[in-house]
K.L.:
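Below are the structure tokens for one structure; questions will follow.
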Amino acid sequence: MQYKFLTPLDSAGRSAPEVIFGRLSEAIATGELQPGDRLPSEADLANAFGVAVMTLRRALETLREVGLIETKRGRFGGNFVSLNAAENFSHLSKTMSYSRKEVRELADWRRAVSGEACYLAAERGEQADFDAIREASLEFDRSISKHDAMRLADAKLHLLISSAARSGRLHREESSIQAELSRLLSSNPYSDPWRLNLEGLHSGLIVAIAERQSDLARRELIAHVESTFNWMVALLPE
């Protein structure tokens, strides 16, 4: 399987193990890596990231410590995403706190990155992309009664849109955004009344992208982000 997170690192002032931890935890948070999935070999991961194996192992050790991966020995061994990774991710997220200002900055980040991704998806996407995006939207609607499943479906939808934009950098930024949203929503899960009002949430956006209305797709995304910001702020503890 070809994973989108397997690209050379751009540390941007952070240590390589920290960036690798972020890449892999984002892949788990957004569902690119599922519970029980076997990670590529350490040699393959190190080669893909452009780091030494020892550097990679430092990141993997941190992932093991927080319960996101586990290591099995023997002939069929290797590093695997923990079966209870979602629960452990939620527990890790509860140690974090967010202010209104931080949520506002996340929304602004989404407007810039996700808005452009939607614009370009409408321009560059192919019919197969539009079909996959539409199916992901239906999957989201089917999952609204289950918090974790709905969050993964939402992340999948936005990652498919960023893939349709045909920009690797935009896709990586979208992955980071979705992981940040997963952390925030794991630490402040939304209640049933909120979820029950979310069916059809993406319908206008999906139509705009499929009909190649680039400007409308961006406007729909920005409206979606601002709506999300409003109820995310309402979820923050007093």
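As the structure is a computational prediction, the values presented were derived from the model and not from experiment.
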K.L.:
Roughly how far, to the nearest 0.5 Å, is the OG atom of Ser175 from the CD atom of Glu180?
P.N.:
11.5 Å

K.L.:
Grouping I, L, V, M, F, W and Y whenever their side-chain heavy atoms are under 4.5 Å apart, do Val66 and Leu24 come out in a common cluster?
P.N.:
yes

K.L.:
Is there a side-chain contact between Thr228 and Arg110, using heavy atoms and a 4.5 Å cut-off?
P.N.:
yes

K.L.:
Do Val207 and Ile222 share a hydrophobic cluster (ILVMFWY, side-chain heavy atoms under 4.5 Å, transitive)?
P.N.:
no

K.L.:
The test is salt bridge (charged side-chain N to carboxylate O under 4.0 Å, His left out); show your working for Asp129 and Arg134 and say whether it passes.
P.N.:
CA-CA 9 Å; Asp129 298 312; Arg134 187 177 293 107; over 6 Å; no

K.L.:
Is any side-chain heavy atom of Val225 less than 4.5 Å from a side-chain heavy atom of Glu220?
P.N.:
no

K.L.:
Could you tell me whether a side-chain N or O of Glu226 sits under 3.5 Å from a main-chain N or O of Ala223, the two making a donor and an acceptor?
P.N.:
no

K.L.:
Where is the tightest heavy-atom contact between Ala16 and Val51, given as atom of each residue plus distance?
P.N.:
CB-CG1, 4.2 Å

K.L.:
Between Leu152 and Gly31, what is the shortest heavy-atom contact and its length?
P.N.:
CD2-N, 3.6 Å

K.L.:
Calculate, to the nearest 0.5 Å, the distance between atoms CD and CG belonging to Glu32 and Asp37 respectively.
P.N.:
10.0 Å

K.L.:
Side chains of Gln127 and Asp131: donor-acceptor distance under 3.5 Å anywhere?
P.N.:
yes

K.L.:
Can you tell me how far apart CG (Leu56) and CG (Leu45) are? Round to the nearest 0.5 Å.
P.N.:
5.5 Å

K.L.:
Donor-acceptor pairs under 3.5 Å, side chain of residues 153-162 to any protein atom, not counting sequence neighbours: which ones?
P.N.:
| residue | atom | partner | partner atom | Å |
| --- | --- | --- | --- | --- |
| Asp154 | OD1 | His202 | NE2 | 3.0 |
| Asp154 | OD2 | Arg151 | NH2 | 2.8 |
| Lys156 | NZ | Glu139 | OE1 | 3.3 |
| Ser162 | OG | Leu159 | O | 2.8 |
| Ser162 | OG | His171 | ND1 | 2.8 |

K.L.:
Got Leu68 and Ser25 here, is their nearest side-chain heavy-atom distance under 4.5 Å?
P.N.:
yes

K.L.:
Would you list the pairs meeting side chain to side chain donor-acceptor pair (under 3.5 Å) in which at least one residue belongs to residues 48-59, sequence neighbours left out?
P.N.:
Glu42-Arg57

K.L.:
May I ask you to test the Pro35-Asn84 pair for a side-chain heavy-atom distance under 4.5 Å?
P.N.:
no

K.L.:
For Phe130 and Arg212, run side-chain contact (heavy atoms from CB on, under 4.5 Å): C-alpha distance rounded to whole Å, both residues' side-chain angles, the deciding distance at 0.1 Å, then the answer.
P.N.:
CA-CA 10 Å; Phe130 301 153; Arg212 298 193 181 281; 3.7 Å; yes

K.L.:
Can you tell me how far the CG atom of Leu221 sits from the CZ atom of Arg111, to the nearest 0.5 Å?
P.N.:
9.5 Å

K.L.:
Indicate the atoms forming the closest heavy-atom contact of Ala217 with Ile209, along with that distance.
P.N.:
CB-CG1, 3.9 Å

K.L.:
Please examine the side chains of Val81 and Leu39, heavy atoms only from C-beta on, and report whether any two atoms are closer than 4.5 Å.
P.N.:
yes

K.L.:
Is there a donor in the side chain of Glu173 and an acceptor in the side chain of Trp109, or the other way round, less than 3.5 Å apart?
P.N.:
yes

K.L.:
Say whether Leu205 and Leu170 are linked into one hydrophobic cluster, either directly or through other cluster members, by side-chain heavy-atom distances under 4.5 angstrom.
P.N.:
no

K.L.:
Measure across Ser176 and Glu26 and return the closest heavy-atom pair with its distance rounded to 0.1 Å.
P.N.:
OG-OE2, 3.1 Å

K.L.:
One pair to check against side-chain contact (heavy atoms from CB on, under 4.5 Å): Glu18 and Thr62. What are the steps and the verdict?
P.N.:
CA-CA 9 Å; Glu18 181 183 358; Thr62 304; over 6 Å; no

K.L.:
Looking at CZ of Arg38 and OG of Ser41, how far apart are the two atoms once the value is rounded to the nearest 0.5 Å?
P.N.:
7.5 Å

K.L.:
Please walk me through it: do Arg100 and Glu105 pass salt bridge (charged side-chain N to carboxylate O under 4.0 Å, His left out)?
P.N.:
CA-CA 9 Å; Arg100 181 188 177 93; Glu105 290 180 350; over 6 Å; no

K.L.:
For Ala43 and Val53, work out which heavy atoms get closest and say how close.
P.N.:
CA-CG2, 4.4 Å

K.L.:
Would you mind checking if Glu174 and Arg169 are paired as a salt bridge, meaning a charged N to carboxylate O distance below 4.0 Å?
P.N.:
no

K.L.:
So Ile177 and Ser114, do their side chains get closer than 4.5 Å, heavy atoms only?
P.N.:
yes

K.L.:
With sequence neighbours left out, what residues match Ser82 under side-chain hydrogen bond (donor to acceptor under 3.5 Å, both in side chains)?
P.N.:
none

K.L.:
Relative to Phe229, does Arg104 satisfy both conditions: NZ or CZ under 6.0 angstrom from the six-membered ring centre, and within 45 degrees of the ring's axis?
P.N.:
yes

K.L.:
CG/Asp141 to OG/Ser203 distance, rounded to the nearest 0.5 angstrom?
P.N.:
8.0 Å

K.L.:
Verify whether one side chain among Ser227 and Asn230 offers a donor that lies under 3.5 Å from an acceptor in the other.
P.N.:
no

K.L.:
Side chains of Glu116 and Arg218, heavy atoms from C-beta outward: is any pair under 4.5 Å?
P.N.:
yes

K.L.:
Does Phe80 reach the side chain of Ile69, with side-chain heavy atoms less than 4.5 Å apart?
P.N.:
no

K.L.:
Taking all atoms of both residues into account, what is the closest heavy-atom pair of Leu120 and Ala165, and its distance?
P.N.:
CB-CB, 3.7 Å

